[in-house]
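Taking it in order: structure first as structure tokens, then the write-up.
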Amino acid sequence: MRFGELVLRDMVERAFARYGHRPAVRSGDSELSYSQLHEQAQRLAAKLVEGGIGPGDRVVLLLRNSTDYVVADLAIVLAGACKVPLNDMLAPDDVAYMIGHCGASAIIAHSSFHETLDKISDATRDIVVRLELLDMEVPTLRGFERFDATDAANITPGAWPRAAATDPGLIIYTGGTTGRPKGVYHTQQSLAVNFLSHLINAEIAEDERLLICSPLPHSAQQFVLSALLRGAHVSIEKAFDADRVLDLIETQRLTWMFMVPTMIYRVLDAQAKTSRDCSTLRTIVYGASPITPARLKQGLATFGPVFLQIYGQTEIPNLVTTLSKRDHAHEELLTSCGQPVIFCDVVIRDDAGEPLATGEVGEITVRGFYTLERYHEDPEKTDEAYVGEYLRTGDVGYRNESGHVFLVDRAKDMIISGGMNVYSTEVENVIQEVEGVGQVVVIGVPDDDWGEAVTAFVIPSNDDFEPADVTAKCKDKLAKYKVPKRVETVTEIPLTPYGKPDKKALRAAHWGGRQRQVN
């Protein structure tokens with residue numbers, strides 16, 4: 001008889017039975033073996049089930065990067081419930097909205113969120129299970145029950161209800177460009193396939209020593225659980241610090257990292273100042289925002305052929321395409337985000353939804369085994385998200401003859417200047433080649449003549465930087481209408497909670513209440 005449905009708990013239980021006393025996860029002073037991690041997750045799962053939490057029930061996580069986060073994540077899996085991870089940088093109003101919108105039945109929070117939770121006490125008052133995990137010296141969350149997963153008296157595992165493959169396993173909220181965030185709804189089965197895709201495509205080996213220093217409620221959580229299914233060891237940092245990352249690579253002999261491009265830039269700058277031994281690194285996975293070819297070449301020269309690019313979205317977690325380590329050896333592919341993984345098909349479409357020929361620029365659409373099931377409580381947005389079986393990404397790009405996808409720009413970041421389309425990433429790639437440019441972001445700002453004026457914001461890497469050099473380089477390399485009208489020198493560029501350049505925030509300072517043509 002054929003085996004039944006794919007659900008996360010089965011995969012987790014097999015992994016933990018297999019790896020036993022191997023080291024599993026470390027964060028700060030806390031380190032857990034696979035057996036210890038399993039026991040703590042069982043205790044917390046038992047507490048959730050005791051409170052009436054079962055398959056499909058929404059459990060909100062308001063936790064900082066820590067071993068606690070991993071314990072809670074796995075406890076939700078064991079209970080068959082649905083995880084709703086919230087970033088620790090969210091405003092209280094957003095936290096309240098997401099708790100209410102997802103229909104939370106439980107919330108697990110660190111003590112250090114007391115100020116946020118005090119401000120939104122009305123949003124949590126009717127939630128039946130409210131558990132506080134202590135990350136301060138004393139309990140601080142009013143109306144929450146303190147829970148200690150290390151206390152063996154708390155464990156009461158039993159015959160817990162079993163989730164179905166079609167039950168929700170994850171509701172994760174997107175930032176959105178307008179209006180309230182959308183809740184992206186993924187099922188148990190789609191997540192199970194997604195984790196398998198991570199193991200195949202992110203090159204996570206059984207002897208891997210991973211470093212995660214980006215927020216766990218976003219892309220990083222998929223890598224952590226995938227690595228634990230493989231038997232690897234995961235080190236989790238509470239926050240990103242370039243010098244500490246290099247120190248950890250050298251002292252802990254780390255082999256695998258996930259970083260967004262901004263983090264890579266800072267690590268490269270730190271390594272240039274004080275070189276550390278990074279010879280154990282086998283893989284640096286990067287994604288979430290475009291990387292400039294100039295910086296990527298610098299990374300290859302510094303760390304060797306270890307780079308692996310991923311392209312995905314919250315709606316199709318992390319892996320639509322990958323640019324392999326071998327591909328990185330070909331300069332003409334450094335601006336590509338790679339070829340579709342074996343679980344996904346990619347079609348480029350015009351504004352009418354019709355497929356385009358090779359080389360033609362249009363919207364990237366994706367068919368896969370782990371695209372979102374739906375937007376929670378938003379059937380209209382769900383219908384808009386699909387063209388037949390294909391998910392509309394809102395990203396603009398094209399494919400070449402080998403099937404490599406080239407991401408020209410995010411649709412919302414495309415600039416319309418004098419009626420002409422300007423792709424911000426194309427301009428950024430040229431500017432990054434200029435001597436003295438450390439980091440650059442290009443946006444459109446309001447202009448009475450042009451509609452939007454192409455504007456570059458540059459963080460210099462040295463005192464010799466001259467804005468005129470940027471203008472000269474762009475005039476040499478780009479069409480006249482793509483050349484920045486202004487080049488501004490800045491000391492910092494706003495970042496999203498996930499470490500990506502926040503073009504939305506940068507535009508807001510210039511646009512105020514006015515509406516752009518491109519959303």
Side-chain angles (χ1 to χ4, degrees), residues 5-8 164-172 174 176 182-202 218-219 222-223 226 285 287-288 290 308-324 327 333 336-376 378-412:
E5 300 176 314
L6 270 177
V7 294
L8 296 177
T166 54
D167 282 337
L170 174 69
I171 295 176
I172 183 168
T174 64
K182 300 186 294 290
V184 180
Y185 182 112
H186 291 287
T187 66
Q188 289 271 334
Q189 181 162 282
S190 69
L191 288 171
V193 178
N194 186 244
F195 289 131
L196 296 176
S197 186
H198 278 71
L199 289 177
I200 295 169
N201 295 294
H218 199 235
S219 303
Q222 304 300 106
F223 291 112
S226 300
V285 174
L308 175 67
Q309 183 179 171
I310 60 171
Y311 165 63
Q313 294 186 330
T314 306
E315 287 82 353
I316 181 164
N318 292 346
L319 293 166
V320 173
T321 65
T322 59
L323 188 71
S324 70
D327 283 342
L333 294 178
S336 171
C337 58
Q339 296 169 303
V341 301
I342 60 173
F343 293 102
C344 295
D345 297 318
V346 171
V347 172
I348 310 298
R349 299 179 188 273
D350 63 19
D351 291 342
E354 294 300 318
L356 292 169
T358 298
E360 292 189 302
V361 175
E363 183 178 12
I364 299 169
T365 64
V366 182
R367 179 175 63 182
F369 286 89
Y370 41 82
T371 56
L372 83 157
E373 182 74 14
R374 60 180 179 268
Y375 288 115
H376 181 57
D378 201 338
E380 184 177 332
K381 282 287 191 295
T382 303
D383 290 342
E384 292 173 359
Y386 279 96
V387 178
E389 296 179 326
Y390 283 79
L391 177 72
R392 299 182 60 187
T393 65
D395 292 334
V396 178
Y398 65 93
R399 295 185 75 178
N400 68 4
E401 292 182 355
S402 63
H404 284 80
V405 176
F406 290 76
L407 183 64
V408 176
D409 212 350
R410 307 292 186 184
K412 65 180 181 293

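These numbers were taken from a predicted model, which means no experiment stands behind them.
- Side-chain atoms of Tyr370 come within 3.5 Å of backbone N or O of Leu319 as a donor-acceptor pair.
- Of the inter-residue distances, the one linking Thr365 atom OG1 with Leu391 atom CG reads 8.5 Å to the nearest 0.5 angstrom.
- Between the side chain of Glu360 and the main chain of Ala357, a donor-acceptor pair closer than 3.5 Å is present.
- Closest approach of Val285 and Ile310 over heavy atoms only: CG1-CG2, 3.8 Å.
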Stepwise side-chain contact (heavy atoms from CB on, under 4.5 Å) check, Leu8 with Leu191: CA-CA 8 Å; Leu8 296 177; Leu191 288 171; 4.0 Å; yes

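- Although no hydrogens or angles enter the test, the distance criterion places no donor-acceptor pair under 3.5 Å between the side chain of Arg374 and the main chain of Lys381.
- Taking CG of Asn318 as the reference point, atom OH of Tyr311 lies at 12.0 Å (rounded to 0.5 Å).
- No donor-acceptor pair closer than 3.5 Å links the side chain of Asp383 to the backbone N or O of Glu380.
- When all heavy atoms are compared, the tightest approach of Ser226 to Leu199 is O-CD2, 3.1 Å.
- Between the side chain of Gln313 and the backbone N or O of Thr393 there is at least one donor-acceptor pair closer than 3.5 Å.
- No donor-acceptor pair closer than 3.5 Å links the side chain of Asn400 to the backbone N or O of Gly359.
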Trace of the side-chain contact (heavy atoms from CB on, under 4.5 Å) decision for Tyr390 with Val366: CA-CA 5 Å; Tyr390 283 79; Val366 182; 5.5 Å; no

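- Remark: side-chain polar atoms of Ser197 are not paired, donor with acceptor, to backbone N or O of Val193 under 3.5 angstrom.
- Taking CD from Glu354 and CD1 from Ile348, the interatomic distance works out to 14.5 Å, rounded to the nearest 0.5 Å.
- The distance from atom CG of Asp345 to atom CZ of Arg367, rounded to the nearest 0.5 Å, is 4.5 Å.
- Checking Thr371 against Tyr386 by side-chain atom types alone, a donor-acceptor pair falls below 3.5 Å.
- Between Val320 and Val346, some side-chain heavy-atom pair lies under the 4.5 Å cut-off.
- The closest donor-acceptor contact from the side chain of Thr314 to the backbone of Thr174 lies at 3.5 Å or more, if one exists at all.
- Counting heavy atoms from C-beta outward, Phe195 and Gln222 have side chains that approach closer than 4.5 Å.
- Side chains of Asp327 and Gln309: a donor-acceptor N/O pair is absent below 3.5 angstrom, by distance only.
- Panel note: side chain Thr321, backbone Cys337; a donor-acceptor pair is recorded below 3.5 Å.
- Note that OG1 of Thr382 and CG of Leu372 are 6.5 Å apart. Values are rounded to the nearest 0.5 Å.
- For Glu389, the CD atom counts as loosely surrounded, since its 6.0 Å shell holds 12 or fewer non-hydrogen atoms of other residues, nucleotides or ligands.
- Distance check: Gln188 CD to Thr166 OG1 gives 9.0 Å after rounding to the nearest 0.5 Å.
- Remark: side-chain polar atoms of Ser336 are paired, donor with acceptor, to backbone N or O of Gly338 under 3.5 angstrom.
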Stepwise side-chain contact (heavy atoms from CB on, under 4.5 Å) check, His198 with Phe223: CA-CA 7 Å; His198 278 71; Phe223 291 112; 3.5 Å; yes

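- Within the cation-pi definition used here (under 6.0 Å to the ring centroid, within 45° of the axis), Lys182 qualifies as a partner of Tyr375.
- Considering every non-hydrogen atom in both Gln339 and Ser402, the closest pair reads NE2-O, 2.9 Å.
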Intermediate values then yes/no, side-chain contact (heavy atoms from CB on, under 4.5 Å), Ile364 and Leu407: CA-CA 8 Å; Ile364 299 169; Leu407 183 64; 3.7 Å; yes

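- Side-chain atoms of Pro340 and His404, non-hydrogen and from C-beta on, never get closer than 4.5 Å to each other.
- Classified by interplanar angle (parallel below 30°, tilted 30° to 60°, perpendicular above 60°), the ring pair Phe369/Phe343 is perpendicular.
- A salt bridge does not link Glu363 to Arg349: none of the charged nitrogens lies less than 4.0 Å from a carboxylate oxygen.
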